[in-house]
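Throughout, protein chains are lettered first and strands after them, A, B, ... in sequence-line order, and every chain is numbered starting at 1.
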2 protein chains.
Amino acid sequence: MAIFSKTCEYAIRAVFYIAHKSAAGTKVGIKDIATGIDSPELYLAKILQDLSRKGLISSAKGPNGGFYINEASLNRPISDIVEVVDGNNLFYGCALGLKQCSEINPCPLHEQFKAIRSQIHELLDNTTINGFNEELMNGLLSLRK
Amino acid sequence: MAIFSKTCEYAIRAVFYIAHKSAAGTKVGIKDIATGIDSPELYLAKILQDLSRKGLISSAKGPNGGFYINEASLNRPISDIVEVVDGNNLFYGCALGLKQCSEINPCPLHEQFKAIRSQIHELLDNTTINGFNEELMNGLLSLRK
DNA sequence: ATAATAAAAGACAAAAATATCTTTTATTAT
DNA sequence: ATAATAAAAGATATTTTTGTCTTTTATTAT
Ligand code: FES
Ligand code: FES
């Protein structure tokens, strides 16, 4: 098991990819993104449609069209992406799958896990969509392979 | 998305359940366990068969049979369960699904995520199967609902 | 020996996640 | 207006995960 669903992994990688292109002022097509993050093109298209409907990214049809992210959204945290795609179970759910994580009816892992869980939340809250543009342009960070 | 697969959640809860019964010296039947942890009985049976084959738990057929855990296994960490059921991706895999998590080809979340990942590993390594027997017997901890 | 018990094993089913294919709609350039 | 482009939408397919049903095997008590 990974920490995110495959869908969410693609979503985050794609958003990072679009972000560093958007920062440079260019829209980017689905084909380019799919290649750039090494994902199945048509599946990714579905994911981006969803993110677009939810307002996380923007898109334009027709020639010179493509996906982009506006200034405001560039500064949003990637926890927003995770929440939209995978829901908030990772942030608030019980590690052992109890219907409700609570202090009054805790599972054995509760005390320890809630600390970790909140660190994950914090990490994703403090990581912005455009936080890695330079490193991505320099090729210091990877979104594929 | 949860941090463990449903299968793994059931597995850990079941093993905790068996453990605190085993500590009291009694074997426990699949029906009892399924009720005790609120899981689908026949699915859980499959999971326990697997854990049994892998040597994490023991079982006896026939009247007075059931599942139990021997002294040695009672002291094993639950990371062993996770590894058997969900593999080690949670401990070593890339957060964004890159084929290989590495320092030379890191994804944007690498630096921050590896710290969290190792804390998860540590938590599961330091949590033993029999570590909650008393609290479970006292009803201070829950494995269901 | 026989019947009862309980897990093991094998086959099957349903649901969810992942992936692909086809048609439609909007936009742009000619 | 027309043709080309590119995303949106809808339908379908595949794979994986989760869950169930049936038969078999081992053990125990009578
Ligand atoms: S009850 Fe399980 S993590 Fe809180
Ligand atoms: S490369 Fe992504 S977590 Fe290490």
Under a 3.5 Å threshold, yes or no: a donor from one side chain and an acceptor from the other, between [X] and [Y]?
X       : Y       : answer
T128(B) : N75(B)  : no
H20(B)  : E135(B) : no
N70(A)  : S73(A)  : yes
T7(B)   : Y43(B)  : yes

Nearest-nucleotide wise, let me know which of G62(A) and G62(B) is further upstream toward the 5' end of DNA chain C.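 Its nearest nucleotide being more 5', the pick is G62(B).
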
On DNA chain C, check which nucleotide each of K61(A) and E41(A) is closest to and give me the residue with the more 5' one.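 Its nearest nucleotide lies further toward 5', so the answer is E41(A).
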
Quick check on contacts: within residues 6-28 of chain B, what sits under 4.0 Å from DNA chain D by heavy-atom distance?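 Result for residues 6-28 of chain B: K6(B), T7(B), Y10(B), sorted by number.
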
In residues 44-56 of chain B, which residues come under 4.0 Å of DNA chain D by heavy atom?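 Close to the strand are K46(B).
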
What's the [atom1]-[atom2] distance between [X] and [N], to the nearest Å?
X      : N       : atom1 : atom2 : answer
I37(A) : dA19(C) : CD1   : C1'   : 14 Å
F4(A)  : dA17(C) : CZ    : P     : 16 Å
F67(A) : dT5(D)  : CZ    : C1'   : 14 Å
Y43(A) : dT16(D) : OH    : P     : 13 Å
I57(B) : dA7(C)  : CD1   : C1'   : 11 Å
I69(B) : dA7(C)  : CD1   : C1'   : 16 Å
Y68(A) : dT27(C) : OH    : C1'   : 12 Å
L42(B) : dA14(C) : CG    : P     : 15 Å

Phosphate OP1/OP2 of dA6(D): any S59(A) side-chain N/O under 4.0 Å: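 Checking S59(A) against dA6(D): no side-chain N or O falls below 4.0 Å of OP1 or OP2.
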
Using only side-chain N and O atoms of N64(B), determine if any of them is under 4.0 Å from OP1 or OP2 of dT5(C).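 Result: no.
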
Where is the tightest heavy-atom contact between [X] and [Y], given as atom of each residue plus distance?
X       : Y       : answer
D125(A) : S79(A)  : OD1-OG, 2.6 Å
L96(B)  : R13(A)  : O-NH1, 2.6 Å
R117(B) : C101(B) : NH1-SG, 3.2 Å

If only atom types and distance count, is the side chain of S142(A) paired as donor or acceptor with the main-chain N or O of P106(B) below 3.5 Å?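 No: the side chain of S142(A) does not pair with the backbone of P106(B).
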
Once the angle between the rings of H121(B) and Y92(B) is folded into 0 to 90°, is it parallel (under 30°), tilted (30 to 60°) or perpendicular (over 60°)?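 Ring orientation, 0 to 90° scale: perpendicular.
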
Both conditions, 6.0 Å and 45 degrees, for the charged tip of K6(B) above the ring of Y10(B): are they met here?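 Yes; both conditions hold, so K6(B) lies above the ring face of Y10(B).
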
Give a yes or no on this: more than 12 heavy atoms of other residues, nucleotides or ligands lie within 6.0 Å of atom CD of Q49(A).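 Check passes, neighbour count above 12.
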
Considering only dT5(C), dA19(C), dA7(C), which nucleotide approaches the side chain of P40(A) most closely?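 Nearest nucleotide to the side chain: dA19(C).
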
Check ion pair E83(B)-K54(B) (N to O, under 4.0 angstrom):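 Result for this pair is no, no salt bridge flagged.
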
For DNA chain D, what is the dot-bracket line, given that a base pair needs Watson-Crick (N1 to N3, plus N6-O4 or O6-N4) or G-U wobble (N1-O2 and O6-N3) geometry with both distances under 3.5 Å, and | means paired with another strand? ||||||||||||||||||||||||||||||

